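Because the structure is a prediction, the values reported are computed rather than measured.
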Amino acid sequence: MNKPIKWGILATGRIAHKMAHDLKTIPDAQLVAVGSRSKEKADAFAAEHKVPRAWGSYAAAARDPEVEVVYIATPNDFHAENIRICLEAGKSVLCEKPFTLNAKQAEPLIDLAQAKGVFLMEAMWSRFIPAHRKLHELSWTGALGEIRMVQADFGFRADFDPADRLFNPERGGGALLDLGVYPLALAVRLLGIPDRVTGFAQLTATGVDEQSGILLGFPSGAIATLTCASRTQTFNEARVYGTKGRARLHEPFWKADELTTVIDNQEQHYALPREEWGYQHQIQEVHRCIRAGEIQSPGMPHNDTLTVLRIMDELRRQWRVHFPGD
């Protein structure tokens with residue numbers, strides 16, 4: 001077995017707990033440190049997951065000399081600063097989506113990672129789970145023919161609370177960055193960079209998008225029709241249409257365990273379950289990249305992160321939704 005790679009986690013929320021759980025299932029991964037704005041919360045997280053060191057600040061955890069790669073699970077508006085601190089400390093970084101609030105924040109961070117030769121990736125974990133890998137394979141090999149259309153929706157029903165981060169523009173709230181990032185990342189993965197971006201959004205009283213319809217046009221003539229919502233429950237499926245066949249990622253598509261295809265009028269169903277929470281697959285990709293000396297993953301390259309952020313920036317410009325740093 002390879003020498004274990006030592007991880008640190010910034011934040012102690014729900015996703016951080018899931019990541020800590022899945023790290024334990026990887027034989028060559030060790031979770032050695034956790035950082036929180038509250039030392040009490042860091043201590044509780046460390047006790048629950050048997051983490052050797054707990055830090056009362058994100059910066060302290062990022063600078064822990066034992067840590068080799070940092071998983072950032074902090075709120076959206078902390079990502080840019082957290083990434084910068086980790087990169088300056090020479091740590092590899094896996095940062096939750098959205099990577100940053102906008103492309104303006106992301107560009108210098110990607111430049112910094114490249115200048116330092118340090119691995120950096122947005123945690124678009126969907127791309128590495130078996131069902132998505134199979135869909136990508138069908139696309140790359142031409143089994144579906146030329147992809148002409150992608151449809152995807154991600155929506156749930158939340159109670160409106162102006163104090164909640166999800167509805168706070170100062171915290172990067174709204175459905176687009178938290179939910180829309182998934183269908184956008186899928187469309188970009190399959191179709192590339194759009195040359196036309198348009199959308200309509202319903203805004204909350206606090207000035208962030210609560211639901212939206214997004215239409216992307218691509219140089220090939222393909223289109224993507226996407227929706228996201230924080231106040232409307234949707235079916236949460238993704239459908240891909242090609243000239244030879246079509247495919248459906250079952251609900252919930254971003255963590256689908258099932259994929260159905262119809263190619264040459266023959267239907268086939270794939271049962272492709274995730275392991276545990278499903279984060280193992282991206283952890284293994286991070287390990288592969290670090291050991292290979294790669295500073296970005298071909299499965300989630302920096303350009304895809306920037307493309308999605310630029311699309312979201314343009315949509316927010318159209319909707320007049322503004323975040324700090326825009």
For D178 and K97: C-alpha separation, side-chain torsions, deciding distance, then whether salt bridge (charged side-chain N to carboxylate O under 4.0 Å, His left out) applies. CA-CA 7 Å; D178 277 78; K97 63 226 141 302; over 6 Å; no

Taking it one step at a time, do T25 and Q280 satisfy side chain to side chain donor-acceptor pair (under 3.5 Å)? CA-CA 8 Å; T25 70; Q280 289 95 335; 3.0 Å; yes

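- Between H250 and A256, the shortest heavy-atom distance links the atoms O-CB, 3.4 Å.
- We find that E88 and R84 are joined by a salt bridge, their nearest charged nitrogen and carboxylate oxygen being less than 4.0 Å apart.
- In this structure, F156 and F154 have perpendicular ring planes: the angle between them is above 60°, well past the 30° mark.
- Here the side chain of R231 pairs a donor or acceptor atom with the backbone of A158 at under 3.5 angstrom.
- The minimum heavy-atom distance linking P169 with F323 is given by the pair O-CD2, 3.2 Å.
- For the side-chain hydrogen bond (donor to acceptor under 3.5 Å, both in side chains) with Y241, the qualifying choice from Q151, R148, R246 is Q151, the only one to do so.
- No continuous path of ILVMFWY side-chain contacts below 4.5 Å connects F78 to I85, so the two sit in separate hydrophobic clusters.
- A salt bridge between D264 and K244 is absent, with no side-chain N of the basic residue lying under 4.0 Å from a carboxylate O of the acidic one.
- A salt bridge is absent between K3 and E68; no separation between the charged side-chain nitrogens and carboxylate oxygens falls under 4.0 Å.
- Interatomic distance, CG of D153 versus CZ of R239, reported as 5.5 Å (0.5 Å rounding).
- With a 4.5 Å cut-off on side-chain heavy atoms, L216 and I311 count as touching.
- For the residue pair A224 and L191, the shortest heavy atom distance occurs at CB-CD1, 4.4 Å.
- Checked for salt-bridge contact, R248 and E237 meet the test: a charged N lies under 4.0 Å from a carboxylate O.
- Ionic pairing of D209 and R320 is not present here: no N-O contact between side-chain nitrogen and carboxylate oxygen is shorter than 4.0 angstrom.
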Walk me through whether K116 and D111 qualify under salt bridge (charged side-chain N to carboxylate O under 4.0 Å, His left out). CA-CA 9 Å; K116 285 183 164 290; D111 289 344; over 6 Å; no

Worked check of side-chain contact (heavy atoms from CB on, under 4.5 Å) between V67 and W7: CA-CA 5 Å; V67 171; W7 286 74; over 6 Å; no

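- Here the OG1 atom belonging to T12 is positioned 10.0 Å from the CD atom belonging to E48, to the nearest 0.5 angstrom.
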With side-chain contact (heavy atoms from CB on, under 4.5 Å) as the criterion, how do I9 and L23 come out once you've worked through the C-alpha distance, each side chain's angles and the decisive distance to 0.1 Å? CA-CA 11 Å; I9 290 180; L23 278 167; 4.2 Å; yes

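- Taking 4.0 Å as the cut-off between side-chain N and carboxylate O, D28 and R291 count as a salt-bridged pair.
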So S230 and E210, side chain to side chain donor-acceptor pair (under 3.5 Å) or not? Walk me through it. CA-CA 5 Å; S230 60; E210 72 169 45; 6.0 Å; no

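- With contacts defined as side-chain heavy-atom distances shorter than 4.5 Å, the pair V118/I295 does not qualify.
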Criterion salt bridge (charged side-chain N to carboxylate O under 4.0 Å, His left out) on K18 and E276, from CA distance to verdict: CA-CA 9 Å; K18 291 180 177 180; E276 304 294 334; over 6 Å; no

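- Closest heavy-atom contact between T206 and P162: CG2-CB, 3.7 Å.
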Would you please test R316 and N102 for side-chain contact (heavy atoms from CB on, under 4.5 Å) and show each step? CA-CA 10 Å; R316 290 193 299 105; N102 51 47; 3.8 Å; yes

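- Checked by atom type, the side-chain pair Y71/E96 shows a donor-acceptor distance below 3.5 Å.
- With values rounded to the nearest 0.5 angstrom, K6 atom NZ is found 10.5 Å from K91 atom NZ.
- Under the 4.5 Å side-chain heavy-atom criterion for grouping Ile, Leu, Val, Met, Phe, Trp and Tyr, L138 is connected to I147 within one hydrophobic cluster.
- S92 is not listed as a side-chain neighbour of L120, based on a closest heavy-atom distance of 4.5 Å or more.
- Salt bridge status for R317 with D313: absent, with no side-chain N to carboxylate O gap under 4.0 Å.
- Nearest approach of V34 to A11, heavy atoms of both residues: CG2-O, 4.0 Å.
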Please step through ring-ring contact (aromatic ring centres under 6.0 Å, His included) for the pair H132 and H281, ending with a clear verdict. CA-CA 11 Å; H132 279 248; H281 308 286; over 10 Å; no

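- In this structure, H136 and R127 have side chains that are in contact, with non-hydrogen atoms separated by less than 4.5 Å.
- A single hydrophobic cluster is not seen to contain both M149 and L226; linkage of ILVMFWY side chains at heavy-atom distances under 4.5 Å, directly or through other members, places them apart.
- Note: R37 CZ to S57 OG = 11.5 Å, rounded to the nearest 0.5 Å.
- Although no hydrogens or angles enter the test, the distance criterion places a donor-acceptor pair under 3.5 Å between the side chain of Q296 and the main chain of H302.
- Annotation: side chain of L186 is in contact with side chain of L135 (closest heavy-atom distance under 4.5 Å).
- Atoms CG and CZ, from N76 and R165 in turn, are 4.0 Å apart once rounded to the nearest 0.5 Å.
- Of the possible polar contacts, one joining the Q105 side chain to the L101 backbone as a donor-acceptor pair under 3.5 Å is found.
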D43 vs R53, test: salt bridge (charged side-chain N to carboxylate O under 4.0 Å, His left out). Steps then yes/no. CA-CA 8 Å; D43 286 339; R53 288 182 301 287; over 6 Å; no

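- Taking 4.5 Å as the limit, some side-chain heavy atom of L87 sits within range of a side-chain heavy atom of I83.
- For the atom pair CG (D77) and CG (N168), the distance works out to 8.0 Å, reported to the nearest 0.5 Å.
- The backbone N or O of G199 lies less than 3.5 Å from a partner atom in the side chain of Q318, making a donor-acceptor pair.
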side-chain contact (heavy atoms from CB on, under 4.5 Å) between S126 and F253, intermediate numbers included: CA-CA 9 Å; S126 298; F253 84 85; over 6 Å; no

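- The aromatic rings of Y182 and W254 are tilted relative to each other, their planes meeting at an angle between 30° and 60°.
- Residues D304 and V308 fail the side-chain proximity criterion, which asks for heavy atoms closer than 4.5 Å.
- Listed by chain and number, the residues in a ring-ring contact (aromatic ring centres under 6.0 Å, His included) with F45 are H17, H49 (sequence neighbours excluded).
- Evaluated for a side-chain hydrogen bond (donor to acceptor under 3.5 Å, both in side chains) with S297, the options E122, R288, Q282, E285 yield exactly one hit, E285.
- Scanning all heavy atoms of the two residues, the minimum distance from T100 to H79 falls at CA-CB, 4.5 Å.
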Q268/T261 under side chain to side chain donor-acceptor pair (under 3.5 Å): CA gap, chis, key distance, verdict: CA-CA 5 Å; Q268 184 165 356; T261 63; 4.9 Å; no

